[in-house]
2 protein chains.
Amino acid sequence: MASLTEGNTRPVRLADIAKAAGVSHGTASNVFSRPEIVRQEVRERVKAVAEAMGYAGPDPKGRLLRAGKVNAIGVATTEPLSYFFDDPFARVMMSGISEACDATGAGIALVSAGNQEKLAWNIQSALVDGFILFCIEGGSRLVELTRERKLPFVALELGFHDETISAIGVDNVAGGRLAARHLAELGHRRFAVLSLTLGEDRTGFVTPEEVRSAIYTGTRDRLAGYFEELSRFGVDTTKIPVFETENEAASTRAGLEAIFAGGEPPTAILAMSDRMAMIAIEWLTARGLAVPGDVSVIGFDGVPDAALCDPPLTTIAQPITEIGRRAAHMILDFDGAVRRETLGVELLVRASTGPAKA
Amino acid sequence: MASLTEGNTRPVRLADIAKAAGVSHGTASNVFSRPEIVRQEVRERVKAVAEAMGYAGPDPKGRLLRAGKVNAIGVATTEPLSYFFDDPFARVMMSGISEACDATGAGIALVSAGNQEKLAWNIQSALVDGFILFCIEGGSRLVELTRERKLPFVALELGFHDETISAIGVDNVAGGRLAARHLAELGHRRFAVLSLTLGEDRTGFVTPEEVRSAIYTGTRDRLAGYFEELSRFGVDTTKIPVFETENEAASTRAGLEAIFAGGEPPTAILAMSDRMAMIAIEWLTARGLAVPGDVSVIGFDGVPDAALCDPPLTTIAQPITEIGRRAAHMILDFDGAVRRETLGVELLVRASTGPAKA
DNA sequence: GCAAATATTTGAATCGATCCAACGAAAGTG
DNA sequence: CACTTTCGTTGGATCGATTCAAATATTTGC
């Protein structure tokens, strides 16, 4: 009856099998990891014993310690885990990462955490060979934490001006210019910008000084691109309202309210993400303003949904999948070097932009 | 110069720190894992030494072996990894899983493999505390492989009639009936079915005998639901063409071609997935057939995209997020019991179904 | 000032495998 | 028949931590 009571018996280990089969643990190990070097008779006996004892196969936990390599790359963010499946930008990026991982047989471990403390723990204890960081918000902390693990990592979006870390991003200045030129050439002269965050935990209109001292250089560069190009067309960029949102519905709508509360509403909106752009289109339409009849809207990112909204969104497309693929390869083929890659962007003209109203 | 040559020096271990700081490794370990029980002076000294020597913190690989728990759940499929981010059904499901994992602080490891051999290896070596299996194709092999790991696991969709494994799925018979009744009540009498696979690696029209011997009971049950309900309305179900597809564009279109090649085209299509339903709508529209004017189409799943297509899809909605949540909890709160849960489905009437043409 | 109570530290044991130098046995060679 | 190969097997070392009973140090109480 003892055997019945001890229902919670510990699992059989390789050593147990070895002893029961009367072979050394070295041989038992070989039966599973390099069966070809073990004599057939022995191999079969050991396998039979393993089967009989209910052995689950070599435990990866043990193997891992010896082998050193996990064969998985961690993708980390400060957003909740569902971000990876809900956010269109993240999804396309993950698709690119998946592709590279599939090709090499590596796995993907998703790492995230709501609060700071858990984030630290999760980064510290993730079983991965390297990290890809989604530097959305709280990015600097994420980078610090990851740096301490002393594993290879890449930051997506060259958010911070830190040349010591590997990063992949797009030419934000060029993207900004492309967007601005497109609208300017359509005759627009009154603009408003829906901006991504410039620092942490901020929202609302921003002043030119705040722009200059921005932590997030990605945001700053897009803005710089917009402004540089618009000044060439003689637009007084100091008059352009720039509203910083959290890249979601509530703050974006608040921004639109604020922007359109003024006396001279813009005829074109430069949104720094497709998400904001789509929210803007919805808001404008609901307000009875025609897009692009009354107001033109241009996005940034080039997520698939942007092609499907009504009207289809004109936007600056990033090579999102390619960024993901490259990021994964940077980790998978890590050689110790710090790499910073900047990819090009492309203007995708669809139907949300049109000539300025006369 | 020796120090320069040995650039590839092995990383510092906890034991190195202990020695350098003149404490036992037990104490060194405590400094990191239970700092409160170490005298402040010692704690600070050890931390300083660690910092100076460039210690990356306790290696999770080592910790893991001792601790035994990974604190991550594996989600496995035989599809490529990108399936998790591309497929709408999978995405919603993952969202539910993420939610549960976020709440408990667990991580998610994505496991997949194109070929059989890699699949086996990936399942065997995944560092997880349990598995959630997406039993799409090759599901039975996936289940066998996973069973051998002797870790808790749940199959999504009670695909196989194996009462010994935990599974979560929906009442497919009820779903089939709901769909069939809806169309029958709209006056339809000529149907065609776009079916998910009944066995492995199959495609094309299926005979009633094949239906009876189907491996995938999910598919079989939906079909059974359709047929049971339609017979009540006096429809001769033996005349209904059932075309098995691979749930993607090419084979679905091939099915439609085949179905509409016959003399008496159907006025309503019962699709076993929203994906096929949406492909069908596209195909029909391109062919000049109005939906639902000429042909009504009903789907199955209730993925978000289905609400957005044109016309919005009438479908049988599964509580996808809830399934994901429950699956994750089954692993996270595993108690040794085999659980089989069947959730209800719901008819979502939108615009892709209408009265049969007089 | 001394015993008891409490706070720290130690070091061996453990987690579950893989690797590898060394060794014994069988087979091949001149 | 002695001598080298080849093939299989052995068992100790190692991967990098955590844990815990025992040893030692420090306080506290009287």
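Protein chains get the first letters and strands the later ones, always in sequence-line order, with residue 1 at the start of each. Side-chain atoms are counted along with the backbone in the values below, which use heavy atoms only and exclude waters and symmetry mates.
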Specify the residues of [range], ordered by number, for which at least one heavy atom lies under 4.0 angstrom from an atom of DNA chain C.
| range | answer |
| --- | --- |
| residues 22-30 of chain A | A:His25, A:Gly26, A:Ser29 |
| residues 34-53 of chain B | B:Val38, B:Arg39, B:Val42 |
| residues 60-67 of chain B | B:Leu65, B:Arg66 |

**OP:** Inspect the surroundings of NZ in A:Lys150 and state if more than 12 heavy atoms from other residues, nucleotides or ligands are less than 6.0 Å away.
**Re:** yes
Original post:
Are the charged groups of A:Arg325 and A:Glu322 less than 4.0 angstrom apart, N to O?
Top reply: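 Here A:Arg325 pairs with A:Glu322 in a salt bridge, since their nearest N and O are under 4.0 Å apart.
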Original post:
Is the shortest side-chain N to carboxylate O distance from B:Asp16 to B:Arg13 below 4.0 Å?
Top reply: yes
**OP:** Mind checking salt bridge (Lys or Arg N to Asp or Glu O under 4.0 Å) for A:Arg147 and listing every partner two or more places apart, or none if nothing turns up?
**Re:**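 Checked A:Arg147 against salt bridge (Lys or Arg N to Asp or Glu O under 4.0 Å); matches are A:Glu144, A:Asp162.
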**OP:** Output all residues satisfying salt bridge (Lys or Arg N to Asp or Glu O under 4.0 Å) with A:Glu36, sequence neighbours left out; order by chain, then residue number.
**Re:**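 A:Glu36 satisfies salt bridge (Lys or Arg N to Asp or Glu O under 4.0 Å) with no other residue.
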Original post:
Tell me, which pairs form a salt bridge (charged side-chain N to carboxylate O under 4.0 Å, His left out) where one or both residues lie in residues 50-62 of chain A, sequence neighbours left out?
Top reply: A:Asp59-A:Lys61
Let me have the donor-acceptor pairs involving side chains of residues 127-135 of chain B, under 3.5 Å, with sequence neighbours excluded, atom names and distances please.
{"from": "B:Asp129", "atom 1": "OD1", "to": "B:Val70", "atom 2": "N", "distance (Å)": "2.8"}
{"from": "B:Asp129", "atom 1": "OD2", "to": "B:Asn71", "atom 2": "N", "distance (Å)": "2.6"}
{"from": "B:Asp129", "atom 1": "OD2", "to": "B:Ala72", "atom 2": "N", "distance (Å)": "3.2"}

Subject >> Residues which pass side chain to side chain contact (heavy atoms under 4.5 Å, CB included) with B:Glu41, listed by chain and number, not counting sequence neighbours >> reply: B:Arg39, B:Arg45
Original post:
Under the side chain to side chain contact (heavy atoms under 4.5 Å, CB included) test, which residues partner B:Asp102, sequence neighbours left out?
Top reply: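 For B:Asp102, the residues satisfying side chain to side chain contact (heavy atoms under 4.5 Å, CB included) (neighbours in sequence not counted) are A:Pro80, A:Leu81, A:Ser112.
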Original post:
What does the inter-axis angle of the helix from C:dG1-D:dC30 to C:dG30-D:dC1 come out as, five pairs per end, nearest 10 degrees?
Top reply: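 For the helix from C:dG1-D:dC30 to C:dG30-D:dC1, the axes at opposite ends meet at about 40°.
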**OP:** With heavy atoms under 4.0 Å as the rule, sort A:Tyr55 into base, sugar-phosphate or nothing.
**Re:**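 Result for A:Tyr55 = sugar-phosphate.
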Original post:
With a 3.5 Å cut-off and no angle check, do the side chains of A:Arg141 and A:Gln116 form a donor-acceptor pair?
Top reply: yes
In this structure, how many angstroms lie between the [atom2] atom of [N] and the [atom1] atom of [X], rounded?
| X | N | atom1 | atom2 | answer |
| --- | --- | --- | --- | --- |
| B:Phe32 | D:dT18 | CZ | P | 9 Å |
| A:Gln124 | D:dG16 | CD | C1' | 16 Å |
| B:Lys19 | D:dA17 | NZ | C1' | 16 Å |

Do [X] and [Y] come close enough that some side-chain heavy atom pair is under 4.5 Å?
| X | Y | result |
| --- | --- | --- |
| B:Ile108 | B:Val75 | yes |
| A:Asn115 | A:Leu119 | no |
| A:Leu343 | A:Arg326 | yes |

Original post:
For B:Tyr55, what residues pass the ring-ring contact (aromatic ring centres under 6.0 Å, His included) criterion, not counting sequence neighbours?
Top reply: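 Testing B:Tyr55 for ring-ring contact (aromatic ring centres under 6.0 Å, His included), a comparison that skips the adjacent residues, returns B:Phe32.
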Subject >> Aromatic contact, B:Phe85 with A:Phe84 (centres under 6.0 Å) >> reply: no
Original post:
Just the endpoints, please: which first and last nucleotides of DNA chain C, 5' to 3', lie under 4.0 Å from a heavy atom of chain B?
Top reply: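 The protein-touched segment is C:dT8 to C:dG16.
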